[in-house]
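Following: one structure in structure tokens, then a few remarks.
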Amino acid sequence: MTTSTSAPPAQGARLALSLGGLAAVGFGIAVLVWPTRAAVALAGVIAAYAIVAGIVYAAIGLLSKGMGVGGRIAHVLLGLLYIAAGAFAFGSLGRSAAFLAVFLTVMVGVMWIVEGFAALFTLGRSDSKVLAIVFALASVIAGFTLLSSPLWGAVFLWWFLGISLVVLGGLNVIRGVAGRRA
């Protein structure tokens, strides 16, 4: 008979919730206490990812034997673009972070507007037409609000992200610690 020293699945899940929650709280606090540094750090992580992804794509293009010439060239070019984008981002992390924030804010604004119109276009199939109309109007107004001032919208979304990470991460820690004992 063998004995297993691993934790039961329930304990593993509780530990994962607790650790994930602590990480979220830590990132959330960093976003709230050092918003600019956290944004620059995130831009650095994205830049590093772009360079690594570029190296991988270039290697696939250069080393793949089963791929046609067009696919190999496309992979090498894509890899070079990723590497160039990552290097450019590293060259000015502050500007890259600001661009990323405004770009994402504009994208969220556009998505909210489209989501609102999608809710209106599917109104005929909705069980609650009033709620669908309220949702659609709120979504479109929120989207146009973000688009009217992308910089302030980025600040709002960044603070909202930090607060959400702290609150939701804290709740996950509580769930992990207070979860059913195995």
Locate the shortest heavy-atom distance separating [X] from [Y]; write the atom from each residue and the value.
X      : Y      : value
Ala132 : Leu123 : CB-CD1, 3.6 Å
Pro150 : Val102 : CB-CG1, 3.9 Å
Ala47  : Ala89  : CB-CB, 3.6 Å
Ala119 : Ala136 : CB-CB, 3.9 Å
Val166 : Val25  : O-CG2, 3.6 Å

Hphob cluster co-occupancy, [X] + [Y], side-chain heavy atoms under 4.5 angstrom:
X      : Y      : answer
Val114 : Ile141 : no
Leu42  : Phe27  : yes
Val140 : Phe121 : yes
Ile29  : Val173 : no
Ile46  : Leu165 : yes

How far does [atom1] of [X] sit from [atom2] of [Y], to the nearest 0.5 angstrom?
X      : Y      : atom1 : atom2 : result
Met111 : Leu104 : CE    : CG    : 8.0 Å
Leu131 : Ser126 : CG    : OG    : 7.5 Å
Leu137 : Leu120 : CG    : CG    : 6.5 Å
Ile163 : Leu32  : CD1   : CG    : 6.0 Å
Ile113 : Leu147 : CD1   : CG    : 4.5 Å

Identify, with sequence neighbours excluded, every residue that meets ring-ring contact (aromatic ring centres under 6.0 Å, His included) alongside Phe99.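 Phe99: ring-ring contact (aromatic ring centres under 6.0 Å, His included) contacts with Phe103.
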What pairs with Tyr57 under ring-ring contact (aromatic ring centres under 6.0 Å, His included), at least two apart in sequence or on another chain?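 Tyr57 satisfies ring-ring contact (aromatic ring centres under 6.0 Å, His included) with His75, Tyr82 once adjacent residues are dropped.
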Which residues, ordered by chain and number, are linked to [X] in its hydrophobic cluster, where ILVMFWY side chains connect at heavy-atom gaps below 4.5 Å, directly or through other members?
X     : result
Ile51 : Val40, Ile55, Ile83, Phe90, Leu93
Leu15 : Leu19
Leu17 : none

Side chain [X], main chain [Y], donor-acceptor under 3.5 Å:
X      : Y      : answer
Arg72  : Ser64  : yes
Ser148 : Thr145 : yes
Thr122 : Ala118 : yes

Please, which pairs that meet ring pair (Phe, Tyr, Trp, His ring centres under 6.0 Å) have at least one residue in residues 139-161, sequence neighbours excluded?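 Non-adjacent pairs meeting ring pair (Phe, Tyr, Trp, His ring centres under 6.0 Å): zero.
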